[in-house]
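I have placed the structure first, in the form of structure tokens, so that the comments after it can refer back to it.
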Amino acid sequence: MTNIKNVYDEVQVFFEELEWNSAIKREWIEGFLRHKAWQGADDQVLSDRWHNLQMFVSYLSYSGDITLDELTAVEYSLAVEWMIVQTESFKPNIKMVNHLFEVLREFYDYLATKKIHFDTTELEQAATFMTGGKQLKFIEPGNEESMLPKEASLTTIPKDIGSIVGEAVERLMHKFSSYFQRENFIEDFDRALSLYLGPLGQMPDDENDDEFWLGFWDYFLFDYHLLANDRTPITQFEMDCSNQLNAEEQKILKELMGAKFTVFYVESVVNQDWVDCINLLTDEKIRLPNPNYDYKLVKKLLFYGHVFLQQEEHELVMINFITSVEISNNLRRRIKEEINRQKAMLDLQQPGVTWDDFIERHANAVRHTIDLLATWARVNVTSYAQMERNFPQPVTDEKAVNMAVTKSIATYMPQFGYSLHDAVLAQKMWQDFSRITTVNVRKPAVWAAAVIQVYSHINNGEADMPINVLAEEMKVGKSSISASSSKLFNVLKLEKYDPRYLSEEGMISLLYDLQ
């Protein structure tokens, strides 16, 4: 967004030199452009939006005293004809005219969020009639009856998916959608949806709710970890599909892969274009495009979503799909304390963990924490007292660990729906146990089943992994599993939601467990 200010300069100069009154106010357009910048639109997209709106404003001024509410489908058709004559770059084809109508829809939608409502029925009728066929058509005055009604259409991903990081990536987002709707990702998709919704979550009443699906896809692509290999979906896509993308798509994908989940709030408004923000978790300062909210409101908002540096301009940032909640300063501090506590929990599992490490693993828990604290009185988490208790410490030397058990854990956990990361944590539990006490392993499958059963108890807020299922699948006795599980609990002094072996599912269950 290196030329973002130039776009506003162009708007200012245009309106200062406009010879006629305009039905569209300058501040409406400036606000719309800031809104697009806040969604992540780069300077090319902003210039495109302004170019289309400039043609439209010029026509309205030329046509005389006409308001947006008075525009008929015929008037929109006449506007397009006028633009084709007056603007050399505006070609009489369906693609260009359809894009103009899309920009107008975006503009009207933005105005609606500011309580400025205009009826768009005539716009939609004009768009359907003019661009709904194989050739561009114009509406002759008096021939309105020939226009067809607009038909609704459903797409696999939200119709506004481009707003995640700007329209330039819309084509790439559709490729993401096609790739991850393959059969081998069904289990991952279902698991991701479950994690995103949380234990108490429900799907929205409207299955085509764009805002919900934008948020979900944002989480799925950047923060979810695939069952088989613990990679994020966008990383997996890059590995599998990068060589099938054109140069522009590869550049966009590379920039997207630099996205980082960030929780931030506005500290001060620099000017009409920029605001200074503070990363809630690290206290780092970042400068972002002005969201053009009321100043008193924006100071009360906590924002969270993905922010990433542009590759060519490292001092600037782009913004991904952003969510905001209105909270008090006290609640903001409470959220920070809660997330700091969660990071401390991960530090027990992964000593020396950084904020980047924590966010990479538990961005979804941060989402749920903010949502819960903004709507509930509290979130129940592991207390500092429990976290600071004296855990049994494995011996530092390389005491022998039965590898047959380790391999059996890795073999069976995926069969029971666990992720690679789950298997790693479960293997760590076995390793710690083996280095604290002497283990007599006569049948590795028994100990592997016990580890899986104990791991499920620690992390599952609803039910443990049934012993009878483990016994049947792993061909071992239920009493043997039970006895070995008890030894694991006693030696490691395990508790439910034990931070040493807490998974992503476990962390989310913990947040919602009020017991």
Side-chain angles (χ1 to χ4, degrees), residues 38 113 195-202 204 211-212 214-216 218-219 223 260-269 275-307 319-347 353 355-356 358-388 461 497 499 502 504 506-515:
W38 186 249
T113 66
L195 284 167
Y196 184 70
L197 289 170
L200 304 180
Q202 294 182 339
E211 184 175 355
F212 172 82
L214 284 170
F216 170 75
D218 176 70
Y219 157 66
D223 299 324
K260 289 187 177 182
F261 184 84
T262 308
V263 184
F264 60 95
Y265 59 91
V266 174
E267 180 186 44
S268 61
V269 177
V275 290
D276 278 339
C277 302
I278 302 296
N279 184 319
L280 179 71
L281 306 182
T282 65
D283 294 323
E284 294 173 299
K285 181 175 290 189
I286 51 178
R287 181 162 290 186
L288 301 176
N290 193 331
N292 199 34
Y293 291 172
D294 176 81
Y295 179 72
K296 292 183 178 179
L297 173 61
V298 79
K299 292 285 285 184
K300 298 178 182 178
L301 296 177
L302 183 67
F303 300 91
Y304 55 98
H306 289 92
V307 175
I319 301 173
N320 206 346
F321 182 74
I322 297 293
T323 302
S324 64
V325 291
E326 184 175 348
I327 59 173
S328 66
N329 288 340
N330 286 337
L331 184 53
R332 188 171 72 198
R333 285 191 293 270
R334 174 74 180 91
I335 290 172
K336 183 174 182 177
E337 291 171 359
E338 193 66 51
I339 299 174
N340 267 289
R341 186 173 301 183
Q342 293 167 14
K343 178 176 177 288
M345 292 169 62
L346 184 61
D347 192 68
V353 68
W355 273 115
D356 283 347
F358 173 76
I359 291 298
E360 193 278 332
R361 178 57 58 189
H362 288 301
N364 191 44
V366 174
R367 285 185 180 88
H368 281 285
T369 300
I370 295 171
D371 183 53
L372 285 169
L373 277 175
T375 55
W376 289 28
R378 69 182 183 89
V379 176
N380 182 53
V381 297
T382 302
S383 68
Y384 280 124
Q386 181 179 346
M387 289 159 49
E388 292 174 354
Y497 303 125
L502 195 64
E504 290 170 86
M507 181 72 84
I508 300 302
S509 294
L510 167 64
L511 298 179
Y512 287 85
D513 193 337
L514 298 179
Q515 300 299 321

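Computed from a predicted structure; not experimentally measured.
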Tell me, do [X] and [Y] make a side-chain contact under 4.5 Å, heavy atoms counted?
X      : Y      : answer
Ile339 : His362 : no
Leu302 : Lys336 : no
Arg361 : Val353 : no
Leu511 : Gln342 : yes
Met345 : Tyr497 : no
Leu280 : Arg332 : yes
Asn364 : Glu504 : no

Hey, what do you get for [atom1] ([X]) to [atom2] ([Y]), rounding to the nearest 0.5 Å?
X      : Y      : atom1 : atom2 : result
Ser268 : Ile278 : OG    : CD1   : 8.0 Å
Cys277 : Ile286 : SG    : CD1   : 5.5 Å
Leu214 : Ile322 : CG    : CD1   : 12.5 Å
Lys260 : Ile359 : NZ    : CD1   : 10.5 Å
Phe358 : Asn340 : CZ    : CG    : 8.5 Å

**Prompt:** In chain order, what residues pass the side chain to side chain donor-acceptor pair (under 3.5 Å) check against Glu326, with sequence neighbours excluded?
**Reply:**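 With sequence neighbours excluded, Glu326 shows a side chain to side chain donor-acceptor pair (under 3.5 Å) to no residue whatsoever.
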**Request:** Can you sort out the partners of Thr323 under side chain to side chain donor-acceptor pair (under 3.5 Å), two or more places apart, ordered by chain and number?
**Result:**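 Per chain and number, Thr323 pairs via side chain to side chain donor-acceptor pair (under 3.5 Å) with no residue.
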**Asked** Parallel, tilted or perpendicular for Phe216 and Phe212, by the 30°/60° rule?
**Response**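 Ring orientation of Phe216 relative to Phe212: parallel.
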**Asked** Is the Trp38 ring parallel, tilted or perpendicular to the Phe264 ring (thresholds 30°, 60°)?
**Response**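 It falls in the perpendicular class, over 60°.
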**Nearest heavy-atom neighbours spanning Ala374 and Leu331** =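 Minimum heavy-atom separation between Ala374 and Leu331: CA-CD2, 4.1 Å.
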**Worked verdict on Asp218 versus Arg367 for side chain to side chain contact (heavy atoms under 4.5 Å, CB included)** = CA-CA 12 Å; Asp218 176 70; Arg367 285 185 180 88; 3.4 Å; yes
**Asked** So, His368 side chain and Ser509 main chain: donor-acceptor pair closer than 3.5 Å or not?
**Response** no
**Message:** Once salt bridge (Lys or Arg N to Asp or Glu O under 4.0 Å) is applied, do any residues pair with Asp347, and if so which ones, sequence neighbours excluded?
**Reply:** none
**Message:** Holding to salt bridge (Lys or Arg N to Asp or Glu O under 4.0 Å), I want the full list of residues that pass it with Glu267, two or more places apart in sequence or in another chain.
**Reply:**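 Residues passing salt bridge (Lys or Arg N to Asp or Glu O under 4.0 Å) with Glu267: Lys285.
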**Request:** List in chain and number order the residues that pass ring pair (Phe, Tyr, Trp, His ring centres under 6.0 Å) with Tyr265, two or more places apart in sequence or in another chain; answer none if no residue qualifies.
**Result:**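 Tyr265: no ring pair (Phe, Tyr, Trp, His ring centres under 6.0 Å) contacts found.
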**Message:** Going by ring pair (Phe, Tyr, Trp, His ring centres under 6.0 Å), name the residues that satisfy it together with Tyr304, two or more places apart in sequence or in a different chain.
**Reply:** none
**Item:** Within 6.0 angstrom of Lys343 NZ, more than 12 heavy atoms from elsewhere
**Value:**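 For Lys343, atom NZ is crowded (more than 12 foreign heavy atoms under 6.0 Å).
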**Request:** List the steps, then state whether side chain to side chain contact (heavy atoms under 4.5 Å, CB included) holds for Val275 with Val298.
**Result:** CA-CA 10 Å; Val275 290; Val298 79; 6.0 Å; no
**Fill in**
Checking Val266, Val325, Leu288, Val263 against Phe303 for side chain to side chain contact (heavy atoms under 4.5 Å, CB included), the one that qualifies is Val266
**Salt-bridge contact Glu338-Arg334 (side-chain N to carboxylate O under 4.0 Å)** = yes
**Request:** Give the intermediate values and the outcome of side chain to side chain contact (heavy atoms under 4.5 Å, CB included) for residues Asp223 and His306.
**Result:** CA-CA 10 Å; Asp223 299 324; His306 289 92; 3.1 Å; yes
